[in-house]
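Scroll down for the structure; my scribbles are underneath it.
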2 protein chains.
Amino acid sequence: MQTAAPIVTTPAIAPLTRGIPARREFAVPSGEGAQRRADPDTAARIAETMKLLVEVLEVKRRVVRAGDLVYRAGEAFTSLHILNSGLFKLLSSSAEGREQVVGLRFRGDWLGFCGIAKGRYTCDAVAMDTGEVWTVRYDALLRACAEHPELMEVMHAAMSHEMMRDRDVLISICTLPADARVVAFLHYWADSLASRGLRTDQISLRLTRAEIGNYLGLTLETVSRVLSKLARAQLIAFNERNRRDICIPDFHALDAFIQRREAAAGLH
Amino acid sequence: MQTAAPIVTTPAIAPLTRGIPARREFAVPSGEGAQRRADPDTAARIAETMKLLVEVLEVKRRVVRAGDLVYRAGEAFTSLHILNSGLFKLLSSSAEGREQVVGLRFRGDWLGFCGIAKGRYTCDAVAMDTGEVWTVRYDALLRACAEHPELMEVMHAAMSHEMMRDRDVLISICTLPADARVVAFLHYWADSLASRGLRTDQISLRLTRAEIGNYLGLTLETVSRVLSKLARAQLIAFNERNRRDICIPDFHALDAFIQRREAAAGLH
DNA sequence: CGTAACATTGATCGGGTTCAATCTGCGTGG
DNA sequence: CCACGCAGATTGAACCCGATCAATGTTACG
């Protein structure tokens, strides 16, 4: 059982200088040749959302560290959470006790939608790194939405976005073989970082092989084997002292690798 | 390419007597011993939502028949749709052209959330039976939500509900073996009908084996084999002249069957 | 009656799981 | 400091579930 992180309340009009920055991934050896370009659209959209929230609502800011829970399944739903920084995973444990990673969240994403329907959260939200969570009461949010239609639109867009993302995951899992799923996962992870303006020349996966496998409907051994194969093919490179941190020199080559396998399977 | 269904506009205050009733499943041979009890909560919630909509918004009613599209991927998003009756499937075709069934929808469900984020629908919504769709303009809905907080809550709850449902599907696909997935599917289908007050003593699957398989991440042959096995074990019974219509005499026995398999797998 | 879409069933194959052994890094306590 | 334990990761070998390939059956419909 983790202990709750300290809660820090700041005035709603606090300057929008970023919260606690996430820990540096690790030392970068050479240049930033493999840096994936950031998506200015997404970044702007996120910044605007955060700004709107602070202007219109009372936001409780809370610093979390790796392992902290933002909320827990079964807990009464009263608030939604918007991520200012950090990396988070959503864990859902089914009736029979089997745990499942059902989502990954980043800066700008919302947490807690699952609680609206039934008045209780239905999954755990766990920080995977230092980060800052902005919490708003749902009732206050509803009121604010009524007065600020643009806030309502932003919120709906966030929900819609989350649905589409989940759908993509489902399609990947239903249609792709193991190695393509792992590659899709790496892509998603890197894109998520890139679109938030984080560096992707080297990325820390932060999830164990077991968690990645769980998320992708694979076993940890399969994930490990695929990663080893990709490393052997020089499509990814492990950090030499930590197999959780990888470098993707050429995303295009990664895609090509998968396409080639699909083509090879399709031609006969 | 299907042709669009005729559009029928009715005054917003039209009486709430049900629209065109769905075609009778098929003749029921004996009694209703296997009838699954309806969920009065869900039914009430749906009725209330529908009432609220007509009271507060201009609703365009449209009768659809099997095969009609409510909307199509790529089409500009302007409206959301609420299902008054009928059965619908959501089809998403990925970039590489592979089609995927990404959801099933029933009376009371909303269609079109996927369009909010990007301003375009990202999947096809296809009627699987005669039904009635209520369409509301999204901009009008936003305005109405601002004035009627209860409408906003209902809409958010619908989105939240959809997310949780998708999550359940994901968990099923990630963690269950083939036969358990098929059983889970049957359960979901029957529960969906039951909670809408439809009869479940005999149910028409309406999807081909290929579509069921696609939805569950299985091949059509596997689905067929599992259904045959369940029929052999007398856990389901096919209608004697149509293998798409089945009868589930005892849901509890179905569950037990799956539990037993899991237990057998787990003990060694 | 002929054709096409859907479904069933069998035989075979293979990708991914399962089981098992080993390795690595890391924190802990003697 | 080192020994120890432990969680995570890797790798190999055998197996098995579900996919694939193929043939046949069934229903619907012009």
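Throughout, protein chains are lettered first and strands after them, A, B, ... in sequence-line order, and every chain is numbered starting at 1.
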* Asked: In terms of side-chain geometry, is the basic nitrogen of Arg105(B) or Glu162(B) positioned less than 4.0 Å from the acidic oxygen of its partner?
  -> yes
Looking only at heavy atoms, the pair that brings Asn214(B) and Cys174(A) closest together is O-SG, 4.1 Å
Sorted by number, residues from residues 220-234 of chain B placing a heavy atom under 4.0 Å from DNA chain D are Glu221(B), Thr222(B), Arg225(B)
Can you find a side chain N or O atom of Arg243(B) that sits less than 4.0 Å from OP1 or OP2 on dT26(D)? no
When rounded to whole Å, the CG to P distance for the pair Leu207(B) and dA5(C) reads 18 Å
Here the distance between atom C1' of dA5(C) and atom CZ of Arg206(B), to the nearest Å, is 18 Å
5'-most contact on DNA chain C (nearest-nucleotide basis), Asp179(A) vs Asn242(A), goes to Asp179(A)
- Message: Quick one: does any side-chain atom of Thr200(B) pair with a main-chain N or O of Ala190(B) as donor and acceptor, under 3.5 Å?
- Response: no
Legend entry - Contact under 4.0 Å: Arg209(A) side-chain N or O vs dT10(D) OP1/OP2: yes
Contacts of Arg241(A) and Leu176(A) projected onto DNA chain C by closest heavy atom; the upstream (5') one is Leu176(A)
**Item:** Residues Asn242(B) and Asp245(B): side-chain donor-acceptor under 3.5 angstrom
**Value:** yes
Run Asn84(A) and Arg61(A) through side chain to side chain donor-acceptor pair (under 3.5 Å) and show every step you take.
CA-CA 9 Å; Asn84(A) 185 47; Arg61(A) 298 189 181 193; over 6 Å; no
Taken to the nearest whole Å, CZ/Phe238(B) to P/dA7(C) is 10 Å
Rounded to whole Å, the CD1-P distance (Ile236(A) to dA9(D)) equals 13 Å
Review point. Will you find, in the side chains of His161(A) and Asp109(A), an N or O donor that is under 3.5 Å from an N or O acceptor?
Key: no
note: Ile212(B), atom CD1; dG18(D), atom P; distance rounded to Å ~ 16 Å
request  = For Gly213(B), answer base if it contacts any base atom (sugar-phosphate contacts may also be present), sugar-phosphate if it contacts only those atoms, and nothing otherwise; contact means non-hydrogen atoms under 4.0 Å.
outcome  = nothing
